[in-house]
Colleague: 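Following this message is one structure expressed as structure tokens.
Letters A, B, ... are given to chains in the order of the sequence lines, protein chains preceding strands, and every chain is numbered from 1. In this text the structure is predicted, and so the values were computed from the model without any measurement.
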Amino acid sequence: MAWKIGEVLPIIKQNVVDLIPEEELIEKLKKKDKIIVKYGADPSRPDLHLGHYVCLKKLKDLQDLGFSIVFIVGDFTAMIGDPTGRSKTRPRLTEEEVKENSRTYFEQVFKVLDREKTIVRYNSEWLARLTAKDIIEISSTYTVARMLERDDFAKRYKENIPISIHEFLYPIFQGYDSYAVHADIEVGGTDQVFNFLVAREIQKHFGEEPQVILTVPLLEGTDGKLKMSKSYDNYIGLTEKPEDIYGKVMSIPDTLIYKYYKLVLYYDDESLKKVESFIREDPRGAKAKLAYEIVKLLHSEEDAKRAEEHFNRVFREKKIPDNIPEFELPKEGLNIVEILYRSGLVTSKSEARRLINQRAVKLNGEPVTNIDTVLKRDGEKVLKVGKRKFLKLR
RNA sequence: GGAGGGGUACCCAAGCGGCCAAAGGGGCCAGACUGUAAAUCUGGUGGCUCAGCCUUCGCAGGUUCGAAUCCUGCCCCCUCCA
């Protein structure tokens, strides 16, 4: 199969930050029939979010072009813990945890990628078999000085924050993965550039043609500051409920709207121009459209409609949502604090008291001000805590 | 191996015998204002049978009427020297 460079290249380059080196990619396209694209996944975080989506979407583009996608589950490296972007050593995972996590991973991945055309490998397949001798050989390809060039290591080193030896092994092993699957291209977020570069060295060391590096932008999370990540709790999960996705998108700062249109919805330049003026004229509307489209993308049009209605009803009209948990009061009645605690709306009774004192607890719209309030069973009532927690009392 | 510095709540960080459930900042939660945006202002941020009590300042002991604060041992981190 011959690739038509002129047609293929623009598709490859859409929403890509780095393509290093581009010439090598063109060379590969010219002489190879089969292009192997590597993507490594860390099974320590089994919940995929929109940040991953940006990457998966890129892989899908490449898959549609006819490239072979090799999906590597880093079951072995997860036991090390990727130090990328970390200011601390990560906790290492046990074998059981890794196994458990990777199981849920793929149903999310294959929402985007074509299951039939994707090759799945586990890096323990080859890494677990390495001998101490092998490891010495592989690690000799890189130097401490070069390792310390890496941003996060440099920073930690400078600030006297510990770096364990095994963390140096992470990029090395990840690089070995590239050699093991004979990767032509590796795709990942921009924070992976360093690791990908190490891989090139290792491939060369073993006499292989180095991979081309292709990185996509990192997507900021709902806080608008940090990259989307489960550990920062600013993520929008791919499998979250439609209403939650909609709501979370609505809570992103305005400055992020454009980026989401571009990276998640994959609007082309022409459409993005329209989005730009849309945002300028009606930021709320632009965001609502974005939320709608993202729910549609991850669920369905139906779900998007429902999520939008739900949102408007609860947050614009301040009405009660239709689907809320119920709580049955005992005949003799129950203290308000107990109700909040037992129903799980709050995590402790102290929290319940605090919220009541802050007028955050409302019964049928009226603030409850007395923590000794006892509610009896007399018809349906709705309890609201904060902005978004509801409970139907019966 | 030697010398020195350090481990405090979600994070950073003050406190160095009682006035410490522990200053300050960040984050987060809630209230006001809003577009579940931003900005701003206010309050909160261990638990409980809540004007009191219980658990918390690396871990385990000890001194003391009383310890985050003093002593001993242990674990961990950093720096310099070797």
Colleague: Say we look at B:G7 and B:G15: how far apart would their P atoms be, to the nearest angstrom?
Modeller: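 Rounded to whole Å, the distance is 10 Å.
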
Colleague: I need the NZ-C1' distance between A:Lys259 and B:A37, as an integer number of Å.
Modeller: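 Distance check: A:Lys259 NZ to B:A37 C1' gives 17 Å.
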
Colleague: Which comes earlier along RNA chain B counting from the 5' end, the contact point of A:Arg284 or that of A:Lys387, where each point is its nearest nucleotide?
Modeller: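 Between the two, 5'-proximity favours A:Lys387.
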
Colleague: Distance to the ring centre below 6.0 angstrom and angle to the axis at most 45 degrees; does that hold for A:Lys57 and A:Tyr266?
Modeller: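 Because its charged atom sits under 6.0 Å from the ring centre and within 45° of the axis, A:Lys57 does stack over A:Tyr266.
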
Colleague: Counting any heavy atom closer than 4.0 Å, what does A:Asn160 reach on the DNA or RNA strands: base, sugar-phosphate only, or nothing?
Modeller: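 A:Asn160: backbone/sugar contact only, no base atoms under 4.0 Å.
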
Colleague: Closest approach to the side chain of A:Lys225, judged atom by atom: which nucleotide of B:G27, B:C78, B:G47 is it?
Modeller: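 Nearest nucleotide to the side chain: B:G27.
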
Colleague: Need the pair for B:G66. Rule: Watson-Crick or G-U wobble, both distances under 3.5 Å, any strand; none if unpaired.
Modeller: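 B:G66 is unpaired by these criteria.
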
Colleague: How about A:Trp3 and A:Phe67: are their ring centres within less than 6.0 Å of each other?
Modeller: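 Ring centroids of A:Trp3 and A:Phe67 are less than 6.0 Å from each other.
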
Colleague: Salt bridge or not for A:Glu186 and A:Arg200, using N-O below 4.0 Å?
Modeller: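 Salt bridge absent between A:Glu186 and A:Arg200.
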
Colleague: Whether the A:Asn312 and A:Glu309 side chains hold a donor-acceptor pair (N or O, under 3.5 Å, no angle test) is what I'd like checked.
Modeller: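 No, because no side-chain N or O of A:Asn312 sits under 3.5 Å from a partner of the opposite role on A:Glu309.
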
Colleague: From CD1 of A:Ile236 over to C1' of B:U36, roughly how many Å is that when rounded to an integer?
Modeller: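 Computing the A:Ile236:CD1 to B:U36:C1' distance gives 12 Å.
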
Colleague: If you draw the axis of the six-membered ring of A:Phe153, does the NZ or CZ of A:Arg150 fall within 45° of it and under 6.0 Å from the ring centre?
Modeller: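 Output yes; distance and angle both within limits.
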
Colleague: So which nucleotide does B:U79 pair with, by the Watson-Crick or G-U wobble rule with both distances under 3.5 Å?
Modeller: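 For B:U79, the partner nucleotide comes out as B:A3, under the 3.5 Å rule.
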
Colleague: Find the distance A:Leu355:CG to B:C28:P and express it as a whole number of Å.
Modeller: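 Roughly 17 Å, once rounded to whole Å.
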
Colleague: My understanding is that a pair needs two contacts under 3.5 Å, Watson-Crick or G-U wobble. By that rule, which nucleotide pairs with B:G43?
Modeller: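 Pairing partner: B:C29.
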
Colleague: With respect to the side chain of A:Pro253, which nucleotide from B:G44, B:A37, B:U36 is positioned closest?
Modeller: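 Between B:G44, B:A37, B:U36, the one nearest the side chain of A:Pro253 would be B:A37.
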
Colleague: What is the distance, to the nearest angstrom, from the CD atom on A:Glu159 to the C1' atom on B:G5?
Modeller: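 It works out to 17 Å between those atoms.
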
Colleague: Give a yes-or-no answer on whether the side chains of A:His52 and A:Gln108 include a donor-acceptor pair shorter than 3.5 Å.
Modeller: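 Their side chains do not contain a donor-acceptor pair, so the 3.5 Å distance test is not met.
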
Colleague: Between A:Lys389 and A:Pro283, which residue's closest nucleotide on RNA chain B lies nearer the 5′ terminus?
Modeller: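 Counting from the 5' end, the first nearest nucleotide belongs to A:Lys389.
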
Colleague: Taking the six-membered ring for Trp, are A:Tyr179 and A:Tyr176 closer than 6.0 Å centroid to centroid?
Modeller: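 Judged by ring-centre distance (under 6.0 Å), A:Tyr179 and A:Tyr176 do meet the cut-off.
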
Colleague: Could you verify whether a donor N or O on one side chain and an acceptor N or O on the other, from A:Lys262 and A:Asn15, lie under 3.5 Å apart?
Modeller: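 There is such a pair (donor and acceptor under 3.5 Å, judged by atom type) between the side chains of A:Lys262 and A:Asn15.
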
Colleague: B:A9 and B:G25: how far apart are their C1' atoms, nearest whole angstrom?
Modeller: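 Straight-line distance between the two C1' atoms is 14 Å.
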
Colleague: In whole Å, what is the span from the OH atom of A:Tyr232 to the P atom of B:C11?
Modeller: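 My rounded result for the distance is 14 Å.
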
Colleague: How would you label the contact of A:Lys248 with the nucleic acid (heavy atoms, under 4.0 Å): base, sugar-phosphate, or nothing?
Modeller: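 Touches nothing.
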
Colleague: Can you tell me, in whole Å, how much space there is between the C1' of B:C57 and that of B:C16?
Modeller: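 Comparing C1' positions in B:C57 and B:C16 gives a spacing of 12 Å.
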
Colleague: For A:Tyr235, does the six-membered ring have the charged nitrogen or CZ of A:Lys248 within the cation-pi criterion, i.e. under 6.0 angstrom from the centroid and within 45° of the normal?
Modeller: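 Yes, A:Lys248 lies over the aromatic ring of A:Tyr235.
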
Colleague: Take atom P in B:A68 and the same atom in B:C74, then report the distance between them in whole Å.
Modeller: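 Pairwise P distance, B:A68 against B:C74, rounds to 23 Å.
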
Colleague: What interatomic distance, in whole Å, is found between C1' of B:U42 and the corresponding atom of B:U8?
Modeller: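 29 Å, rounded to whole Å.
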
Colleague: When you compare B:G62 with B:U69, how far apart are their C1' atoms, in angstrom units rounded to a whole number?
Modeller: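 That atom pair is separated by 15 Å.
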
Colleague: Okay, side chain of A:Asp18, backbone of A:Ile20: is any donor-acceptor separation there less than 3.5 Å?
Modeller: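 No, because the side chain of A:Asp18 does not come within donor-acceptor range (under 3.5 Å) of the backbone of A:Ile20.
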
Colleague: What distance, rounded to whole Å, do you find between the two P atoms, one in B:A14 and one in B:G6?
Modeller: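 Per the computed distance, 10 Å lies between those P atoms.
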
Colleague: Mind calculating the distance between CG (A:Asp233) and P (B:C11) to the nearest angstrom?
Modeller: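 It is 15 Å, rounded to the nearest whole Å.
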
Colleague: Whole angstrom is fine here: how far is it from CD1 in A:Ile161 over to P in B:G6?
Modeller: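 Rounded to the whole Å, the gap is 18 Å.
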
Colleague: Check whether any side-chain heavy atom of A:Asp223 sits under 4.5 Å from a side-chain heavy atom of A:Leu226, and report yes or no.
Modeller: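 Yes, their side chains come closer than 4.5 Å.
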
Colleague: Considering only heavy atoms, which members of residues 356-374 of chain A lie under 4.0 Å from some atom of RNA chain B?
Modeller: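 Within residues 356-374 of chain A, the residues near RNA chain B are A:Gln358, A:Arg359, A:Ala360.
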
Colleague: Taking only the side-chain nitrogens and oxygens of A:Arg313, find out if one of them lies under 4.0 Å from OP1 or OP2 of B:U36.
Modeller: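 No, because none of the side-chain N or O atoms of A:Arg313 sits under 4.0 Å from OP1 or OP2 of B:U36.
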
Colleague: Of the options B:A37, B:U36, B:G44, whose atoms approach the side-chain atoms of A:Asp254 most closely?
Modeller: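 Nearest nucleotide to the side chain: B:A37.
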
Colleague: Using the benzene-type ring in the case of Trp, are the ring centres of A:Phe106 and A:Phe71 under 6.0 Å apart?
Modeller: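 Here the rings of A:Phe71 and A:Phe106 have centres that are less than 6.0 Å from each other.
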
Colleague: Return the value, rounded to whole Å, for the distance between atom CD of A:Glu317 and atom C1' of B:U36.
Modeller: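 About 15 Å, once rounded to whole Å.
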
Colleague: Write down the partner of B:A60 under the Watson-Crick or G-U wobble criteria, each distance required to be under 3.5 Å.
Modeller: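 Across any shown strand, B:A60 pairs with B:U72.
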
Colleague: How far, in whole Å, is B:A37 from B:A32 if one measures between their P atoms?
Modeller: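 Between the two P atoms, the distance is 13 Å.
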
Colleague: Which nucleotide, if any, forms a Watson-Crick or G-U wobble pair with B:G24, using both distances under 3.5 Å?
Modeller: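 Pairing partner: B:C12.
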
Colleague: Describe the nucleic acid contact of A:Gly247 in one word from base, sugar-phosphate, nothing, applying a heavy-atom distance below 4.0 Å.
Modeller: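 Since a base atom lies under 4.0 Å of A:Gly247, the category is base.
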
Colleague: Below 4.0 angstrom, which residues in residues 337-351 of chain A have at least one non-hydrogen atom near RNA chain B?
Modeller: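 Within this stretch, A:Ser348, A:Lys349, A:Ser350 sit under 4.0 Å of the strand.
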
